[in-house]
Amino acid sequence: MEKRIIEGFEHIRYERPQITPEEMIEKSRDFYLEIDRRRTVREFDPRPIPIEVMENIILTAGTAPSGAHKQPWTFCLISDPEIKRKIRQAAEEEEKISYSTRMPDTWKDDLKPLGTNWEKPFLEEAPYLIVVFKQSFGMENGEKVQHYYVSESVGIACGFLIAAIHHAGLVAVTHTPSPMNFLTKILQRPASEKPYILIPVGYAKEETFVPDIHRKPLENILKIF
Ligand code: IYR
């Protein structure tokens, strides 16, 4: 492999993809059309999924760019029914309070088209839960390691994760019970990590309906200069 030393650090040659503008148009469109079929699904088929699929999905998330390449994320993969039960119980306790007293009516009105409520059966029904933790700082050989742009980095990794789940033929719901510090306790994560998002993953239930919602058209999301 061709190497070069830049400011004292070894760099390796980047092999750029060989692709024509025509191929680029086709590939970018195919990718868009595939990603556009993704829908958030809250109802799962209990059919098991090979763990290798889940490992590949998490490897994909781990390819995301991150501040100073610190990779400030931990993905907890849960299939243990007892842990899922504990997570559901704790999440529903918080959500019950949120829906009844914490969330203003305007927020609940915005959620009506999606049909959500405090009940979260998917936390037990999905074959896997992925709980993503963001690492405020790292620990290496007992030493604190500074992390940068932690929320941005973990958010990008979650985007990759959600795309990988869809690409594997599975569905997910991005769930953010609030507050979610109960996840730190149940999963016994260190104080350097904060729960970021909880993503149940599985096959969609055979007969599933999703809200009839639409994406903003290009002219509403793109300004060309
Ligand atoms: N966390 C709650 C409420 C909720 C909030 C938003 I913003 C959503 O897009 C969906 C749900 C829940 O999970 O029900």
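The first residue of the sequence shown is numbered 1, and numbering continues consecutively from there. Order of appearance sets the numbers: ligands from 1, and atoms from 1 within every ligand. Values reported hereafter were calculated over all heavy atoms of this structure, with side chains retained and with hydrogens, waters and symmetry mates removed.
- Between the CZ atom in Phe137 and the CD atom in Glu143 there is a gap of 12.5 Å [rounded to 0.5 Å].
- Atom 7 (I) of ligand 1 has as its closest protein heavy atom Trp107 NE1, 3.5 Å.
- Contact annotation: the side chain of Leu187 approaches that of Phe133 to within less than 4.5 Å [non-hydrogen atoms, C-beta and beyond].
- Ligand 1 has no N or O atom lying under 3.5 Å from any N or O atom of Thr116, backbone or side chain.
- Ranking the protein heavy atoms by distance from atom 1 (N) of ligand 1 puts Glu95 OE1, 3.2 Å first.
- Taken from CE in Met103 to NZ in Lys108, the straight-line distance is 7.0 Å, to the nearest 0.5 Å.
- Ranking the protein heavy atoms by distance from atom 9 (O) of ligand 1 puts Leu111 CD2, 3.7 Å first.
- Between Arg42 and ligand 1, a contact under 3.5 Å exists for no N or O pair.
- Surrounding NE2 of His167 are at most 12 heavy atoms belonging to other residues, nucleotides or ligands under 6.0 Å away.
- For Pro81, there are no side chain to side chain contact (heavy atoms under 4.5 Å, CB included) partners at least two apart in sequence or on another chain.
- Between Gln135 and the choices Lys194, Glu193, Gln71, the side-chain contact (heavy atoms from CB on, under 4.5 Å) rule is met once, by Glu193.
- Residue-level proximity to ligand 1 for Tyr99 is carried by the side chain, the only part with a heavy atom below 4.0 angstrom.
- Here is the list of ligand 1 atoms found below 4.0 Å of a heavy atom in Thr176: 1 (N).
- Distances below 4.0 Å separate heavy atoms of Lys120 from the following atoms of ligand 1: 12 (C), 13 (O), 14 (O).
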